[in-house]
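Encoded as C-alpha cells, the structure appears first; notes follow it.
Below, chain A is the first sequence line, B the second, and so on; all start at residue 1. Small disclaimer: the values here were computed from a predicted structure and weren't measured.
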Amino acid sequence: MGHCISMKPSAKMAKLVPLLAVFFYLVCVSEAVFEDQVGKFDWRRQYVGKVLFASFDSPSQSSKKLFVATDKNIFASLNSRTGDLFWRHVDKMGPEGAVDTLLVNAQDALMVIGDGRLLRSWDTNVGGLNWEVVLDTGSFQAACFVGIQDTVKHVAVLKKTAISLHYLSNGHQKWVENLPDSDTVKYQAVYSGGGEEVFVLGMVPHSHLTITVYSLEDGEIIRQRSVEAPWLSSVESSCVVVGRGVLMCVDNYTQALYTLAIQAEDSPQFRQVLLQSLDLEVSQDFQPVLVSTQPHPARSPLPEFFLQLGPDHHILLQLSEDGSTIAPLRDFQPAFLVSFATTGEKTVAAVMAPKNTTACAVNLFSADSGRRLLDTTVIFPLDANGGKPQKLYVHAFLKKDDSVGYRVLVQTEDHALTFIQQPGRVVWTREEALADVVTMEMVDLPLTGTQAELEGEFGKKADGLLPMVMKRLSSQVILLQAWMAHLWKLFYEARKPRSQIKNEVTIETLSRDEFNLQKMMVMVTASGKLFGIDSKSGTILWKHYLENVQPNAAFKLIVQRTTAHFPHPPQCTLLIKDKDTGLATLHVFNPIFGRKSQISLPALPRPILQSLLLPVIDQDYAKCLLLVDDQYKVTAFPSTKNVMQQLQEMASSIFFYLVDSEQGTLSGFRLRKDLSSELIWEVVLPTEVQKIVAVKGKRPSEHVHSQGRVMGDRSVLYKYLNPNLLAVVTESTDTHPERAFVGMFLVDGVTGRIIHEAVQRKARGPIHFVHSENWVVYEYWNTKSRRNEFSVLELFEGTELYNSTVFSSLDRPHLPQVLQQSYIFPSPITTMEATLTEKGITSRHLLVGLPSGAILSLPKMFLDPRRPEVVNEHSREENLIPYAPEMPIRTEWFINYNQTISRLKGIYTAPSGLESTCLVVAYGLDIYQTRVYPSKQFDVLKDDYDYVLISSVLFALFFATMISKRLAEVKLLNRAWR
Amino acid sequence: MASGGPSFLLLSMVPTILLLCIDFACCNTGRRTSDGLDTDFTGFSVPLEHSFEVDDVSQFRVRGALQLRGGRETSVSLSQNQLSEEDRSTLKEVAAVDGLYRIRVPRVSLSADRQSDRPMDGFLTAFVRACSLVESHLSDVITLHTDVSGFLIGVSIVTIPGACRGTEVEDEVDLEAFNTTLNVIAPTNAPQPETALFIERMDMENEKRGKPQEQKSFFAKYWMYIVPLVLFLMMSGAQDQSGGGAGGGGANGGR
C-alpha cells in the first residue's frame, strides 16, 4: 500500500522522539491504512433517520427482520436481535425521494415514492429491487393491496384524479381509470375487502361522501353512490373500515360515531351512534382517532377497533356481526399507545400504560374479547433524558405452547428506537436522532483522579504554610493509594485470561490518555437531542433530550470552559435560536457527563443577532459569551462583577460585526462601556448585483507555527496573519451562465476594510470554502466549462513584516499581496474542512467530502498559488510542485477506505496531544471518526521499532569509545616516554 | 492634478467588463481647490464627510468633495478644505481620549449608465483612530471599493504611519491640511485554471525531448529481415516445387 513495508505505528507504542525521527519518516511516502489497521483507529455508525413506517417480517418467533422507511428517504432492514442494519437503500434527498407509504406482504415490500412518482417493489429477503414503475402524474392519496380468495395479486394506487391497479408480480399496470368529478370531490381512501370490487372513497367537505366501486377485472365502474355527510371534513383522518365493509367515522363536533355499509347495493345512509349512548366522552380539545386492523389484505378487517378519546384514553370497541350495534369491550385509561398485531388466526391488542414515573408497562389483550392475556407484561423503561413514547410496533408470534408471545418496538419523540423482549429486557436501542447532526465539538476528557488531585492542589486557594504541607501530604497519600490500586489491578488482571478483560468505556472510567487522542464528542442533533460520544469507540456515554425545541431551530455550540481548569467542571453552552422569531435560549451543561448546569441564565427577551466568545475569563475560568440583540445591546454570560469590570475596561477594544444578507450589509460595531454598541463601519453589497452566501472567519483555536515561508533565494515571504479577517462569499443574482459570477471579499472584521476583492467570472455555487492561516480555498462550478474548480488565495505581507511583535487591525496600513491560482477538480464536493493540529507545525491537508461518501485528504501543497508554471532553480529549492491545471484524486488519499459516509454534511477536525495527529469526525447520515497524519507520524515510533538493536548499537559504540579512548591515552603516554 | 495628473492602469481592453482599475488621484493639499478640477460633463461630485467628537456621538460635517468620473476609465479626485482652528483643537482632544475619526460617503454608482437610476440611500462608513491621524500629520489613504457593476460598496481609511505612539504634535501647521491619497479599487478577476499554457508547456517539453519515433509499419521496420526470409522461402519453395513436379512426372511415367 505504501513504499514503507513496516510502518505500522500505534499510539500504544508511541514514544516521542525528537527531530531525528522527522527526517527518518519524511523519506517514506505512504498514506493509506494497512489491512490490519482497519477499524483500529476509526469507526463508523450507520443510521436511517426518523422512522415513518415500520413492519415486521413473518409472524414467527425466529424471524429476525424488521423493515423501516424513514423521513430521510431510506428503506432499510434491521436485525431485530442486534439492531444492526441488514441492508439500507438511500434514495434522493428532498420530496423527490420521500416515502409516501410502505406496504409489506410476505416477500414483497411495496413503496410509493416521491408523492406518487414511483411504485417500487423490494424483495425483503435480500433487499433487492424486484421492479419499479413510473406512475402517472398526480399527487398520491392512498394505496392498498387487493386480494381475492386469500391471495394478494394486485396493488391499487389512488391519486388525486385517477386510480390504477398494478400486478404485484411485475408491476405492470392492469388498468387505470380517471376518477369522476375529481375537481370537486376529494378522493382520500381506497379499500378492498377481498372481493372482486375496489372501493374508492371521496368526499366534498361538509357536504357528502362518494363511494365509487370499480371492478377488479377491468376497472369498470360498477356503481356510484353519494351519501349525505355534512359533518365530514376528512375521510383520511376520521374514518376507517371495520368488519365486513362498514365505514366507521368519528366526529368531534357532533360527538358521535357514524357507520355506513359501503357494500350495500341500494342507496345507503350514515347511521349515527352518539358517544353519549356508549357512555363515552371526548377530552377537551382532542380530535378523536379511530384505529382498526386488517390482518390479511384479502380478507375484511376485524370488527374490533380502538377509539382514542384523549391523549391517554383509549377504548376497544366491537361492531356486531350485522353491523347494527357497537359495544365497548374494554376501557383503557390511562393508556398512551395502542397497537394491533396478528399472528396466525389470533389478533391481539398491545396497550402501553404508565406504570410509574420511570417506566411504562405494555400488556397484551385479546382483540375479540378484550381479555387480558396472562404473563404478557413488558416493562419499558422511560429514560429521563429521552422523549416520550410516540409509536408502538408490535411483533406477535405463536409460541410452542400456542400462546401468544411478542416483542415491541417503541419509537420515542427523540427519534430513538427501543426494541424490547418479554419480560422487559431492552434488546437494543438505536439513536436515530444521530442521523441528523447539526453541530458538534470535541472536548478533552478530564484528568484521572490522581492527576486531578495534583492539579487541584494548585488550583485551591492557599491558606498558610501548615495547611499547605498537610495538603501536599494528603495528596501524596492519595497518589500512593491510587498507584497501589493500579498495581493490584494489573496483578489481578494478569491472572485472568485476556478474553475476559472487558475494556468497556463507561462514564466513570473516562480519563484522558497519554496523548489526548480520546476525546468526548458532543453532538447536537436537529431533533434537539444532545449526545456525548466517546471518540475512541463510538459508544454513546450520555444523552440529553431538550424538549420544546422548534423543528427549525438553529444551534450554536460553544465551549465556555475546557477541562483544563480543575476543579471547575468543563462547561458547554448551546445557543438555541428560533429561526422565525429570532428568540434564543441557552442550555448550559457539563460536556463530560451531559448534566445541565445549575447556573442562572440571562434573560433574553429580544431576538439575538450575533454571539461571540471573548477570551475574557471570569474568576471561575469560564470564557465570556456576548449576545447581541436586535437593538445592538449586548448581554454578557456569565455576567459576574468580575466579568463586567473586565468588559468595561476592554470595551473600546471589543469589536463585532453583523451580516444582513437580505440587505447585503456588513456592519461593524464597537462595544461601549454601558454594554450598548455603536456602529463604526458599514460595507454594503447591493443586492441587485450579488447576494451574500456565506461569511467565515478563522477558527480561534488555530495555531500557526511559521510566520513566513522561506523562498528559494533564502529570503522570507511573510504571511499576512490577520486573526480578524473574514472571508465573504457572494453569488451574482444574474444566473445566466455567461454573466454569473462568484465574489470573494476578504474584509477585516474590526475596521471593515476590504483587504481583497475578487470575482470569479462564469461561476456559480454551491460554494464550499475553508478559511485558515493566510489562505482561503474555495470550490465553485464553472458554468462555461461545466466543471468544478478549486481556487486558492494566499495573502502575504511581503518580505518585510510591518510589525512583527503584535498584529493590530487598526495599525496595518499596507494591503497584503494576494496570490491566487485555480485548478480543475474532477468531482463535485459536498463539504470541506482543513486539518488542525496542536501547534500548527504539521503541514495542512484539506479534507474534501465527495458525494460518493469518500473523504479525500488533499495536501494543501497542491493548492498553493506559488506553484510555478515554469520550473526553475528557486522553485525546485522550495519544493514547489510544478503547476498542473487538474487536481488529482488518488484513491489512496481516501481516509475512509471503503467506509463511505452517506449524505456527508460536515467534517469536524480537532487537534490531539500528538502534533502529528488530527482527529476527524465526519457526519451526515452516518458518523465516522478517524485520525489523520498529514505529515506522517513523525513523533511516533512504529510498532516494530527495534529497541534491542538500537540500544545494543548504542552500548557497543559507548564501550568502543571508552576502549579506544583508553588505548589512545596509553599510546600517547608511550609516545611521550619515547 | 497638474503635477501628477490622473495616471491610471487599465489592464483590460474589454469595453463592457470593468477589470482591475486603480486610479491614483492627485494628492490634494487643500490649498489648491480651484485648479484641481477639470470640468467634466460626465463627472459628478459627492460629499466626503467626517466626524470626530469627544463624546463619540457622530456628527458628520463636510470634509471635501469627491469628483467622480464614471465610464470606462473611472477616475476620482478629491478637493477638500483646510481644517479650521476649532476642528484642529477638537481633533487633538479626540486623539487624547483615543476617540475615533470617522468618514462616510454616500452610496453611489460610478458607472455612467447607472447614475440615472434611483439614488441609493445610506452611507458607507469607515474609521481610523484619531490619534493616528494626528500623529501622521493628516496623511491618510482613502480607498473606495466598487463592485463589478460600479457601485461603491465600501470605503476605507488608513493613515501612514498607522501607529499611535503618543508623540505630541506641536506644530499646528501640520494639522491644517490633509495629505490624502485616494484610490479606487474594483474587483480583480480571479484566475481560471491555466490549461492552454500547461498544454503548450507539455508540447514544448515533448519537443525538447526529441521527436518521438514515427510509428512505422511492421513491414517498414523489419523489411531487412522479411525480404531475405521471403526470398529464401521462395527459393526453397521453387526448388521443392520443381523437385516435386519432377517426381510426379516420374510417377506418371511409371504407370
Under 4.0 Å between a side-chain nitrogen and a carboxylate oxygen: does that hold for A/Glu886 and A/Arg787?
no
Taking side chain as everything from C-beta outward and backbone as N, CA, C, O, which of these in A/Leu815 sits under 4.5 Å from a heavy atom of chain B? Side chain, backbone, both or neither.
side chain
Please classify the contact of A/Asp748 with chain B as side chain, backbone, both or neither, using a heavy-atom distance under 4.5 Å.
neither
Short side-chain donor-acceptor distance under 3.5 Å, B/Asp87 and B/Thr90
no
Looking at side-chain heavy atoms only, is the closest gap between B/Leu152 and B/Val46 below 4.5 Å?
no
Heavy atom to heavy atom, less than 4.5 Å: which residues from residues 728-746 of chain A reach chain B?
A/Phe741, A/Phe745
May I ask you to decide if the ring planes of B/His50 and B/Phe52 are parallel, tilted or perpendicular, using 30° and 60° as cut-offs?
perpendicular
Which members of residues 675-685 of chain A, sorted by number, sit under 4.5 angstrom from chain B on a heavy-atom basis?
A/Glu678, A/Leu679, A/Ile680, A/Trp681, A/Glu682, A/Val683, A/Val684, A/Leu685
Under the rule for ring pair (Phe, Tyr, Trp, His ring centres under 6.0 Å), what residues qualify as partners of A/Tyr823, not counting sequence neighbours?
A/Tyr883
May I ask you to list the residues in residues 129-138 of chain B that approach chain A closer than 4.5 angstrom, counting heavy atoms only, ordered by number?
B/Arg129
Please classify the contact of B/Leu124 with chain A as side chain, backbone, both or neither, using a heavy-atom distance under 4.5 Å.
both
Using non-hydrogen atoms and a 4.5 Å limit, figure out which bit of A/Phe790 sits close to chain B: side chain, backbone, both or neither.
neither
May I ask you to name which of A/Lys762, A/His814, A/Arg670 has the most heavy-atom pairs under 4.5 Å with chain B?
A/Arg670
Side-chain ion pair, B/Glu53 and B/Arg102, N-O less than 4.0 Å:
no
Could you check whether A/His771 and A/Phe769 have their ring centres less than 6.0 Å apart?
no
